[in-house]
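Take a look at the structure set out below.
Quick caveat: nothing in here was measured; it's all calculated off a predicted structure.
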Amino acid sequence: MKAFIINDTEKEYHWGCYGTSSAIKKQLMDRGVTEIASVSCKEGSKPENTSKKCLLVYSKNPLIRYIAQKYYVSVMRRKLPAVWQAMLDSDYIVINGEGTINSIHVATRFIFFMVFIAKEVMKKRVCIINHSCYPKRDKPKQMQHYQRVYAKCDFIAAREPASQLIITERLGVKATLAFDSLPLSVKETENIPASLYSGKYICVSGAVNYDTRNSALIASGLRDNYPDHHIVYLTGSASGMNNEDPDVIASLQKYIPEMIVHDAHSFTEWLSVIKHSVLLISGRYHYSVAAMCFGTPMICFSSNTPKIDEVNKLFRLPKCVKTRDEFMHALNSVGAFSWTPLLDEMCHLAEQNYIFLPLRT
C-alpha cells in the first residue's frame, strides 16, 4: 500500500513541524503503508507550479469547470511530473493540514487544488488529517470553496473541537476529533538531552504573527519577574532558521542584549531546551504543544487563528494572552497553576488521525 503526503513539513519552518510530519509517516507505516512519497506546500504552491486561478476547477459553471480542469491538469502534469506520478501510484492521498488551512492563501489554494486532482481526476481516497480549519466565515465565496473541498474527502480529522465544529456544522461534513501528531514523536523519542545550560532559563520564541512592539513589554516583564535567569530564544529546523526569526530576535536584543539565541540542530535538542526551561513564552503552536508534553509552565500569545487558544481550552490550561495587562497577569500567576505532563492524553487523541487505517497486528 502506498501513500502520498501533501504538506510534508519535515524540512520546513521549525523542529515541531519536523516532529509532526515524522509522526505521520511512522503512523502510516505502522498501519501497513509500505511506500510514502510527499510534497511540501512551499514547493507545490510556487507561482510557477500552481496558478492563482486554479480553484476555477470548483466553479459552479460546468463549462468553466470543464475548461479549468483540462487546462490546470495539463499545467500540473507539465510543472510537477514527479508529484503527478507519485499521486497516481498511491492508494491514499494524505493531507497534513496543520495550521495551513485558514482563509485562502497560496498554500491553501494548492491543497484545495490537489484535493480536486486526487478525487475527481485520479479517483483516490483522500484524507485531511492533523489540522485546524479556520475559513473566513463572513465570506460566502470562501465558505463555498471550503464546503466543496471538504465534501470530496473520505476522512477528516480536526485537531481541536472548534475546528471539528466548523467542519461539521458550517461545512456539513463529518469530522473526527483528533490532535496534533507531535506528541507521538515526543513519546517515541529516547535520550532527550539533559539541560544544555548550567543555570535556570526562560525559553522564548516568536510567532507567525509576532508584533515586535511587544518586545519591550516581554523584556521588562522578564527582568522584573526572573532577574536571575538566562533568556534563551529558541529557533531552528531541519533546514535552518526560518525567515521570520531574525526580525524577532533583533527586536528582543534591543532590550535584552545578553539574550542567548539557541539555533537547535536536532529535534531532540529542540525538545531539551523546552523541557528544561523554567517557563516557555511563545506564540508558536508546536512550541506550546511540546511544553504541554513535559508539563513545562508556559505563557502563550494568541496566533493568527484561534488554534492555540482552543488547545488551551481543551486541556483546561490558562488562556492565551493578547494584551499588555493579560501578559503581566499571566507572568504574575503562572506559578500558581498546577502544570502536569499531558503527553498520554495528547497521544490518545493524536492517534485518532489514523483510524481510517487499522493497525497491523
[X] side, atom [atom1]; [Y] side, atom [atom2] - distance, nearest 0.5 Å:
X	Y	atom1	atom2	value
Leu165	Leu171	CG	CG	10.5 Å
Cys153	Arg125	SG	CZ	14.0 Å
Lys275	Thr189	NZ	OG1	10.5 Å
Tyr150	His145	OH	NE2	14.0 Å
Ser195	Ile192	OG	CD1	12.5 Å
Thr212	Leu252	OG1	CG	9.5 Å

Do [X] and [Y] have side-chain heavy atoms sitting under 4.5 Å apart?
X	Y	answer
Asp8	Asn96	no
Met114	Val83	yes
Tyr226	Ile231	no
His329	Asp325	no
Ile281	Ile202	yes
Ser21	Glu98	yes

I'd like to know if the side chain of [X] reaches the main chain of [Y], judged simply by a donor and an acceptor atom lying under 3.5 Å from each other, with no hydrogens or angles considered.
X	Y	value
Ser237	Gly240	yes
Asn353	Asn130	yes
Thr296	Ile274	yes
His14	Gly16	yes
Ser239	Lys11	yes
Thr168	Val173	no
Thr108	Thr100	yes
Ser251	Val248	yes
Ser266	Glu269	yes
His286	Arg284	no

>> In this structure, would Leu196 and Met259 fall into the same cluster of hydrophobic residues linked by side-chain contacts under 4.5 Å?
In response: yes
> Is Ile156 linked to Val126 within one hydrophobic cluster, defined over Ile, Leu, Val, Met, Phe, Trp and Tyr using a side-chain heavy-atom separation of less than 4.5 Å?
Replying inline: yes
So which atom in [X] and which in [Y] form the shortest heavy-atom distance, rounded to 0.1 Å?
X	Y	answer
Arg137	Met143	CA-SD, 3.7 Å
Ala290	Leu182	N-CD2, 4.1 Å
Cys17	Thr9	O-OG1, 3.0 Å
Leu177	Pro161	CD1-N, 3.6 Å
Thr305	Asp309	O-OD1, 4.1 Å
Cys347	Pro183	SG-O, 3.4 Å

> Are a donor atom and an acceptor atom from the side chains of Ser132 and Tyr285 found within less than 3.5 Å of each other?
Replying inline: no
>> Can a side-chain donor-acceptor contact be found between Ser185 and Glu188 if the only test is distance below 3.5 angstrom?
In response: no
> Run the side chain to side chain contact (heavy atoms under 4.5 Å, CB included) check on Phe116 and Lys152 step by step: do they pass?
Replying inline: CA-CA 8 Å; Phe116 181 88; Lys152 294 185 185 300; 4.2 Å; yes
Measure from the ring center of [X] to the ring center of [Y] and say whether it is less than 6.0 Å.
X	Y	result
Phe356	Tyr92	yes
Tyr18	Tyr13	no
Tyr58	Phe112	no

Considering only NZ, NE, NH1 and NH2 on the basic side and carboxylate oxygens on the acidic side, decide whether [X] and [Y] come within less than 4.0 Å.
X	Y	result
Glu310	Lys307	no
Lys25	Glu10	yes
Arg213	Asp211	yes
Glu351	Arg31	no
Glu258	Arg223	yes
Asp180	Arg159	yes
Asp154	Lys119	yes

> Does the side-chain hydrogen bond (donor to acceptor under 3.5 Å, both in side chains) test come out yes or no for Ser103 and Tyr134, once each step is laid out?
Replying inline: CA-CA 7 Å; Ser103 187; Tyr134 291 107; over 6 Å; no
Mind checking whether [X] and [Y] have parallel, tilted or perpendicular rings, split at 30° and 60°?
X	Y	answer
Trp270	Phe267	parallel
Tyr72	Phe113	perpendicular
Phe179	Phe315	perpendicular

> Testing Tyr201, Tyr197, Tyr233, Trp15 for ring-ring contact (aromatic ring centres under 6.0 Å, His included) with His262, which one passes?
Replying inline: Tyr197
>> Is it true that, when you exclude Phe337 itself, more than 12 heavy atoms of the residues, nucleotides or ligands shown sit nearer than 6.0 Å to its CZ?
In response: yes
>> Atom NE2 of residue position His348 - does it have more than 12 heavy atoms of other residues, nucleotides or ligands inside 6.0 Å?
In response: no
>> Please evaluate residues Lys2 and Met87 with respect to the criterion side chain to side chain contact (heavy atoms under 4.5 Å, CB included), reporting the C-alpha separation (whole Å), side-chain torsions for both, the decisive distance (0.1 Å), and the verdict.
In response: CA-CA 9 Å; Lys2 299 179 181 180; Met87 289 177 66; over 6 Å; no
> So among Met76, Arg77, Gln69, Lys124, which one has a side chain to side chain contact (heavy atoms under 4.5 Å, CB included) with Ile117?
Replying inline: Met76
> Stepwise, does the side chain to side chain contact (heavy atoms under 4.5 Å, CB included) test hold for Ile95 with Ile129?
Replying inline: CA-CA 6 Å; Ile95 295 159; Ile129 65 168; over 6 Å; no
> Which is it for Phe327 and Phe301 under the ring-ring contact (aromatic ring centres under 6.0 Å, His included) test, yes or no, and what are the steps along the way?
Replying inline: CA-CA 8 Å; Phe327 177 70; Phe301 282 93; 5.6 Å; yes
> Can Lys26 and Leu184 be said to form a side chain to side chain contact (heavy atoms under 4.5 Å, CB included), step by step?
Replying inline: CA-CA 9 Å; Lys26 184 180 186 303; Leu184 296 171; over 6 Å; no
